[in-house]
Amino acid sequence: MPAPANRLAELTKQDDSVNDDLRDILDGLSLPQKTISPKFFYDERGSELFDAITRLPEYYLTRTELDIMSAHVDEMADLIGRHASLIEFGSGSSLKIRILLEHLHEPAVYVPVDISEDYLVATVESLAQDFPHIEILPVAADFTQPFELPNPRIMPERNIVYFPGSTIGNFSPEAALDLLRVMHHEAGEGGGLLIGVDLQKDKAVIERAYNDKAGITAEFNLNILRHINRAFDADFDLDAFEHEAFYNEQHGRIEMYLRSRRDQRFTVAGHGFELSEGERILTEHSHKYSLQGFAAMAAEAGFAVERVWTDANDWFSVQYCTRA
């Protein structure tokens, strides 16, 4: 038998929008409710911290989704079918993709897409060693915008977008709909979507997941300022901020902030801003869906929910959608 070919292609870079990112930051900090997009969490350190969060006892999301994947992966693989291109939005550590890659029927190619280039390279190198017979074509890009798919050696029979972790909840309903439309476009004719969706549940369970006793989520939240200091010539004083997260029942979402401990002034790329003591910078929303609510949003984007798997508590769901 011939030795397997090296399936790890050179990284495709499509995220060269530093000026656009700076404009996003400046615009967000100029709003009455100052805001920083959660996409800036994920420099290399932020990705490492998020991986640590997923292992915390309070953070039910990852272990519950993994349990669902492990219990139903054969059915998921059958729905995806043979010779599919699997396109993972926000691949991160690629923990969950391993379960799929071990069970898929002769996948044509795996395309991990992530904004954090360094972290993407490291995780993809590990995957390439463990799955030498699968072509892996990583793309460094902001997946909230349409991007060009790389050309695999084997033409896929269909594209399946994979979006685990309930990251869809980090987007406003309007932005989530836009993202689903991007996924609809990338899936193409006859394609599909396999997505993790966190469900509405008891407030106490949700709030514990974002306020862990070890303080890892607080460190993750503050790291967004460290990232901006380094990448965008800012001078945030991290000691002048504290982590705050609570569940807004009216809007069905976690709201995560950095609260100013004092009156302060800071600059980003030479642009000055002021914060009063107690004023907050919004860093993340995490929306929790009902099954009916997500199905309605998916339908508006052109997807039909074909199959839903949940845990025994109905805390989390993995959903398979096809282009309607």
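Given the structure is predicted, the values throughout are model-derived calculations rather than measurements.
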One should read off an interatomic distance between E125 CD and I136 CD1, to the nearest 0.5 angstrom, of 10.5 Å
T64 side chain to D311 side chain, donor-acceptor N/O pair below 3.5 angstrom:
no
Does the H227 side chain pair with the main chain of F40, one donor and one acceptor, at a distance under 3.5 Å?
yes
For the residue pair R98 and S126, confirm or rule out a side-chain donor-acceptor distance under 3.5 Å.
yes
Indicate if W315 and Y59 have the same hydrophobic cluster label, given that clusters are the connected sets of ILVMFWY residues with side-chain heavy-atom separations under 4.5 angstrom.
yes
Is there a path of hydrophobic side-chain contacts, each under 4.5 Å between heavy atoms of I, L, V, M, F, W or Y residues, that connects F232 with L29?
yes
Give a yes or no on whether L61 and V73 share a hydrophobic cluster (residues Ile, Leu, Val, Met, Phe, Trp, Tyr; joining criterion: side-chain heavy atoms under 4.5 Å apart).
yes
Spatial distance of atom NE2 (H184) from atom CG (L177) [nearest 0.5 Å]
11.5 Å
Looking only at the aromatic ring of each residue, does the gap between the centers of F220 and F41 stay below 6.0 angstrom?
yes
How long is the span from the CZ atom in R280 to the OG1 atom in T35, to the nearest 0.5 Å?
11.0 Å
Proximity of Y110 and F131 rings by center, below 6.0 Å
no
Should we count CD of Q33 as having more than 12 external heavy atoms under 6.0 Å?
yes
Once you round to the nearest 0.5 Å, how far does CD1 of I254 lie from CD of E284?
9.0 Å
Please step through salt bridge (Lys or Arg N to Asp or Glu O under 4.0 Å) for the pair R230 and D233, ending with a clear verdict.
CA-CA 6 Å; R230 184 185 66 256; D233 190 26; over 6 Å; no
Check the pair I228, F236 against side chain to side chain contact (heavy atoms under 4.5 Å, CB included), reporting the backbone distance first and the verdict last.
CA-CA 8 Å; I228 292 173; F236 286 105; 3.9 Å; yes
Any side-chain donor paired with an acceptor under 3.5 Å for E75 and W309?
yes
Donor-acceptor check, side chain of N221 to backbone of Y257, threshold 3.5 angstrom: yes or no?
yes
Taking the side chain from N223 and the backbone from R226, do they hold a donor-acceptor pair closer than 3.5 Å?
no
Would you find a donor on one side and an acceptor on the other, under 3.5 Å apart, between the side chain of N211 and the backbone of A245?
yes
Ignoring hydrogens and geometry, is there a side-chain-to-backbone donor-acceptor pair from H287 to I168 under 3.5 Å?
no
Check whether any side-chain N or O of E186 sits under 3.5 Å from a backbone N or O of R181 as a donor-acceptor pair, and report yes or no.
no
From K201, E207, E255, residue fulfilling side-chain contact (heavy atoms from CB on, under 4.5 Å) relative to Y247
E207
